[in-house]
Structures are given as C-alpha cells and as structure tokens.
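One structure is given below, encoded as structure tokens.
In listed order, ligands and their atoms are each counted from 1. Computed from a prediction, not measured in an experiment: that's the story for all the values here.
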Amino acid sequence: MGPRSGGPTVTDPIFLSPPDIGELEESYLLRAIRAGRFDPDGPELSAFEREVAARVGAGHALGLASGTAALHMALLAVGAGPDTVVVVPTLTFAATANAVTYTGAEPVFVDCDAATGNLDVDLLADLLGRLAEAGRQVAAVVTVDLNGRCVDYDRLLPLCAATGVPVVEDAAQALGSTYRGRGAGTFGRVGIYSFSHNKVMTTSAGGMLVSDDAALIARARHLATQAREPVPHYEHRDIGYNYRLSTLLAALGRAQLGRLDAMIARRRALRDRYERLFATVPGTRILGAGDSGSNCWLTSVVVEPERTGWAPAQLAEHLAGRGVESRPMWKPMHRQPVYADRQVALTGVADQLFATSLSLPSGSALTDDQVDRVFAAIAEFLDGRR
Ligand SMILES: *Cc1c(COP(=O)(O)O)cnc(C)c1O
C-alpha cells in the first residue's frame, strides 16, 4: 500500500493480524536447519506435537501442513464421506466447508447467535431432528470458535451426544482459548488448529489435529503420510495425502508456542481497549465481548447504523485512508456462489453480522505506536460524526 494521492502520506500500513516473529523464531529455525533433519520423523515435529498436546490438554496431536488439511483429516477420521452430511456454521472461513466437500460429504449450513457469532445451538437441535427424520446420515457437527471465543459447549455437547453425532472442533482461531478452564480444540472427538500467517501463533503455514483417541490420530497420521504401509517397499491400501507439517516449521512453532501466553495477553489488552472505547459509542458493541477465556484473535465491532448514523463500511474507508486495515466478517457460506444451492437452517443473524460488523487491527505484533495510530484514526472518525 503506497501513499494515496490527496490523502495523508501512508508510510507504515497497519495490518489486521500480522505475524509476530522475531529473533527467538530465527534462532529455533536456524538450529533446526543445522540439525540436518528435514523429514517428518525428525525430532522437532514430534516435540512440537507433544508440546501443543500438553499445552491444550489433549492426549495426542498430529502436525499437518495447514488447518484445512487438519480439518480434512479430522472429517475422514470421523467417517465423513459420500452419502453423509456434515453440519457447518454458515459464518466461517470457507476452509471449514471446503474440507467437508473434499471428503464427498455434503455441508449443511446452520446460522449463528447474535451475541457471539457462534453456531446457534437451538437451531442445530432443530436441524438435527429434521435431518434424522429425512433419513440423512450426519457424520459430524463442525463447531467454529469464532474470533477465539468458544461455542457454548455445555449446551452443544449433550445435544450431539444424545443424537450420536461426533463433534469436530474447528479451533483454527482459538488456540490458547479456554471454556470453563478447558482448552479450545479439546471439546469434540477431534479438534484442529491453524498456524497460518495471520493466526494467534504462526508457522507461516501449518496446522494440527488433536484428540484423546490414539487410534484416530494414528489413522490420520497414516493417511497424511501417503498411506505408506510399514513394509520396506512402497505398499498402499488407502489413498494417502502428503499433509505433514515441515519439521523446520515445527521448530518455528515451538518458539511461537513458548510465547503464546504473552502474545494472547497483548491481543487481550487491545480487545479491552476496544471494549472501553466502543462502550462510549451507543449503537456499537464488540462481538463475543465479556469472555475471559477468549484468546481475542480478532476484535470485531458490530454497528447498528440506525442508531450510530454511520455504517461500518464508512469506518473501514476512513481507516483505509489512514493506512489502517480492517475487514468485514466472513461472508456467510450460504451466500457464496459455490455453496449457493445447499441445504440451510437460517435465522438471518449471520447475514446481519456480515452486513454490520468490522474486524479491527488485533495482532500482538502491533507496536504501541501503531495501536495509538489506530485509536487516533477511530477517534477522528467518531468525532467527525457526533
Ligand atoms: C484459518 C482458518 C482455517 C484454515 O486454516 P489454514 O491453516 O489457513 O488452512 C479453517 N477454519 C477457520 C475457522 C479458520 O479461521
């Protein structure tokens, strides 16, 4: 992004969630390169898997090339495939639905609740009943812990247990979050994380599968390693995938994991500051506010234009003019051309949140000076509309 003609000179663009990488990561990566092991059986990857499992409180972990690959493996592991359906929240990143499609299963989209943007549990109960009546085999319910806030698992888990449907927890955004003291990613039969470049911690690209079920993880490990049978020659009984996380990137992940709490604390401080600011602006609120367990991955403000007299797109435009990135909430999956004809259970809340919310710079790598610039730009916008 260069200087804009007519506007103020922008020398230092401020991004939504830039990677927080420094000398520690450099030293870990260099050490891994010098150790000379580049295969997935090297010690860095298994150490990273053990450390993530210990951090979140899961029995076993499997390092994979991306969060999307982890979702794909998780869904195959619970039996998603042709002639099954998988319930997916409509307010999510496309990877959640795409991974379902990779397996041959059909995604069915369900709406969310207004306070958190997370899957609407009452609507899910209704939908599971209707799918059962229609004789559909539901392979899984995928939950997405949006912006780092966990789904209401006290209500969701008994419902899924009663209907015998396994839960796959897409905790791509929620590594380090907790719900009633328990780690995000550990609530379903299997959970996944993403270490993509804009997530709470990153390996530039990467993901992980976690589960207490050792056999499930062993099966996923087999499939993700080209499904090579343990014999000297190349023997295959399944279609495999080349999905393992690079051992070098695992080293990067170990450095990041050691800083996870500090990075979350920084995101939380930013969230608190946004909450204090928007508490003074009638007609605005922070999505999923008031959750002490969230890792505060992204902070999104929800705006009621009838009350504020301005729309989130106007704030976004003002911020862009000051070199500050912001972004609307995910466009719901049922609105995506590629998923337009799918079965849905809707209340209109996801559409409403898509139209009225804006995610603001939330990254732990933002300097104090950059944060001050973001708040100055927002204050300038608000002053201009009072
Ligand atoms: C980031 C993300 C993914 C995909 O993770 P990648 O590592 O980019 O493949 C999946 N689901 C959600 C909810 C995400 O935010």
Side-chain angles (χ1 to χ4, degrees), residues 15-19 48 52 61-76 80 86-103 107 109-110 112 116-119 140-151 167-177 184-185 187-188 190-210 220 224 241-246 249-250 252-253 256-257 267 287-288 294-300 327-334 336 338-339 350 353-354 357 359 362-363:
F15 296 111
L16 210 60
S17 183
F48 184 41
V52 170
L62 175 67
L64 294 165
S66 67
T68 309
L71 274 169
H72 187 188
M73 293 294 92
L75 287 159
L76 286 182
V86 173
V87 179
V88 175
T90 192
L91 191 65
T92 186
F93 179 56
T96 317
N98 291 346
V100 172
T101 308
Y102 299 163
T103 69
F109 298 114
V110 65
C112 59
T116 64
N118 281 337
L119 178 153
V141 168
V142 182
T143 58
V144 175
D145 302 321
L146 203 76
N147 282 3
R149 179 173 179 141
C150 284
V151 169
V167 173
V168 170
E169 184 180 358
D170 180 349
Q173 305 172 2
L175 180 65
S177 296
F187 289 94
V190 52
I192 74 102
Y193 307 106
S194 165
F195 310 128
S196 175
H197 59 92
N198 69 355
K199 293 300 192 326
V200 68
M201 71 169 237
T202 184
T203 58
S204 74
M208 201 165 282
L209 194 66
V210 292
Y241 302 86
N242 185 11
Y243 270 179
R244 295 306 304 283
L245 179 65
S246 154
L249 299 184
L252 191 55
Q256 286 269 281
L257 189 63
R267 285 187 193 256
L287 186 67
S294 174
N295 67 3
C296 301
W297 174 57
L298 285 187
T299 295
S300 308
R327 196 185 300 148
M329 186 56 67
W330 290 271
K331 183 174 180 176
M333 289 303 109
H334 71 274
Q336 299 291 349
V338 72
Y339 287 123
L353 285 176
F354 172 58
S357 58
S359 297
S362 307

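For the residue pair T143 and D170, no side-chain donor N or O sits within less than 3.5 Å of a side-chain acceptor on the partner. For the 3.5 Å distance criterion, the side chains of S294 and R267 fail to qualify, holding no donor opposite an acceptor. For Y339 and T101, the side-chain atoms include at least one donor-acceptor pair closer than 3.5 Å. For H334 and T90, the side-chain atoms include at least one donor-acceptor pair closer than 3.5 Å.
Two rings, from F195 and F48, have their centers less than 6.0 Å apart.
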Please produce the table of protein N or O atoms sitting under 3.5 Å from N or O atoms belonging to ligand 1, one pair a line, distance to 0.1 Å.
| unit_1 | atom_1 | unit_2 | atom_2 | d |
| --- | --- | --- | --- | --- |
| ligand 1 | 5 (O) | S194 | OG | 3.2 |
| ligand 1 | 7 (O) | G67 | N | 2.7 |
| ligand 1 | 7 (O) | S194 | OG | 2.7 |
| ligand 1 | 9 (O) | G67 | N | 3.3 |
| ligand 1 | 9 (O) | T68 | N | 2.9 |
| ligand 1 | 9 (O) | T68 | OG1 | 2.5 |
| ligand 1 | 11 (N) | D170 | OD1 | 3.4 |
| ligand 1 | 11 (N) | D170 | OD2 | 2.8 |
| ligand 1 | 15 (O) | Q173 | NE2 | 2.8 |
| ligand 1 | 15 (O) | K199 | NZ | 3.2 |

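The two atoms that bring T202 and L252 nearest to each other are O-CG, 4.3 Å, heavy atoms only.
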